[in-house]
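Remember, it's a predicted structure, so these values are computed and weren't measured experimentally.
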Amino acid sequence: ERIQDADEAVRWKAMNFLARASDEQLTASIPFIDNPEVADSVRWLVESDRKLDTIAVVRRLAAPDHLSRLVAAAAAVRLASRDEAALERAVASVDREINSFAREQIRLRWWR
């Protein structure tokens with residue numbers, strides 16, 4: 001639930017976790033997430049990763065709500081080993097937090 005923390009550094013850590021956690025870890029966490037919006041977002045993250053749904057991730061990167069954009073940025077990183085298009089779109093985001101996170105992930109390229 002720290003993905004909605006007021007502190008950007010905490011949100012950054014949460015995005016890193018969402019980007020790197022296994023599907024099993026994320027799925028197991030869902031019943032313990034008190035916030036329904038966050039639980040739905042984590043559920044979506046797992047599904048988009050399983051389906052390799054780059055188009056859905058790109059759409060969410062432009063969503064009006066911040067939570068959707070943050071989770072989509074994590075999804076873009078998860079997909080990057082198979083398709084970098086969503087991560088490249090995240091780099092172009094006008095949302096400074098998404099843009100910065102995506103640029104850092106590309107710099108690290110940990111999935112290669």
Q.
Quick check on side chain to side chain contact (heavy atoms under 4.5 Å, CB included): which of Leu18, Ile33, Val10 does Ile3 satisfy it with?
A.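 So the option named by the test is Leu18.
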
(Q) Here's a test for you: under side chain to side chain contact (heavy atoms under 4.5 Å, CB included), which of Val77, Ile106, Val91 qualifies with Phe101? (A)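 Single pass found, and it is Val77.
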
Q) Do Arg78 and Asp23 sit within salt-bridge range, that is, some charged N less than 4.0 Å from a carboxylate O? A)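 Salt bridge between Arg78 and Asp23, a charged N being under 4.0 Å from a carboxylate O: yes.
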
Answer yes or no: is there a side-chain heavy-atom contact under 4.5 Å between [X] and [Y]?
| X | Y | value |
| --- | --- | --- |
| Asp34 | Glu1 | yes |
| Val71 | Val42 | no |
| Asn99 | Arg96 | no |
| Phe17 | Leu26 | yes |
| Trp44 | Ser68 | no |
| His66 | Asp95 | yes |
| Glu88 | Val58 | no |

Q: Decide if atom CG of Leu52 counts as having more than 12 heavy atoms of other residues, nucleotides or ligands within a radius under 6.0 Å.
A: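 Above 12, so yes.
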
Hey, could you give me the [atom1]/[atom2] distance between [X] and [Y], rounded to the nearest 0.5 Å?
| X | Y | atom1 | atom2 | answer |
| --- | --- | --- | --- | --- |
| Arg20 | Met15 | CZ | CE | 10.5 Å |
| Leu87 | Leu79 | CG | CG | 9.5 Å |
| Asp65 | Gln4 | CG | CD | 9.0 Å |
| Leu61 | Leu70 | CG | CG | 10.0 Å |
| Arg109 | Ser81 | CZ | OG | 12.0 Å |
| Ser41 | Asn35 | OG | CG | 8.5 Å |

Q. Where is the tightest heavy-atom contact between Leu45 and Ser48, given as atom of each residue plus distance?
A.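 That closest heavy-atom pairing would be O-OG, 3.0 Å.
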
Q) Which atoms form the tightest heavy-atom contact between Ala72 and Arg60, and what is the distance? A)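 Ala72 and Arg60 have their closest heavy atoms at CB-CB, 3.5 Å.
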
Q: Check the pair Arg43 / Asp40 against side-chain contact (heavy atoms from CB on, under 4.5 Å), numbers first and verdict last.
A: CA-CA 5 Å; Arg43 207 172 283 110; Asp40 287 344; 2.7 Å; yes

Test your reading of the model: is there a side-chain donor-acceptor pair from [X] to the backbone of [Y], 3.5 Å cut-off?
| X | Y | value |
| --- | --- | --- |
| Arg11 | Ala6 | yes |
| Arg69 | Pro64 | yes |
| Arg89 | Arg59 | no |
| Asn16 | Trp12 | yes |

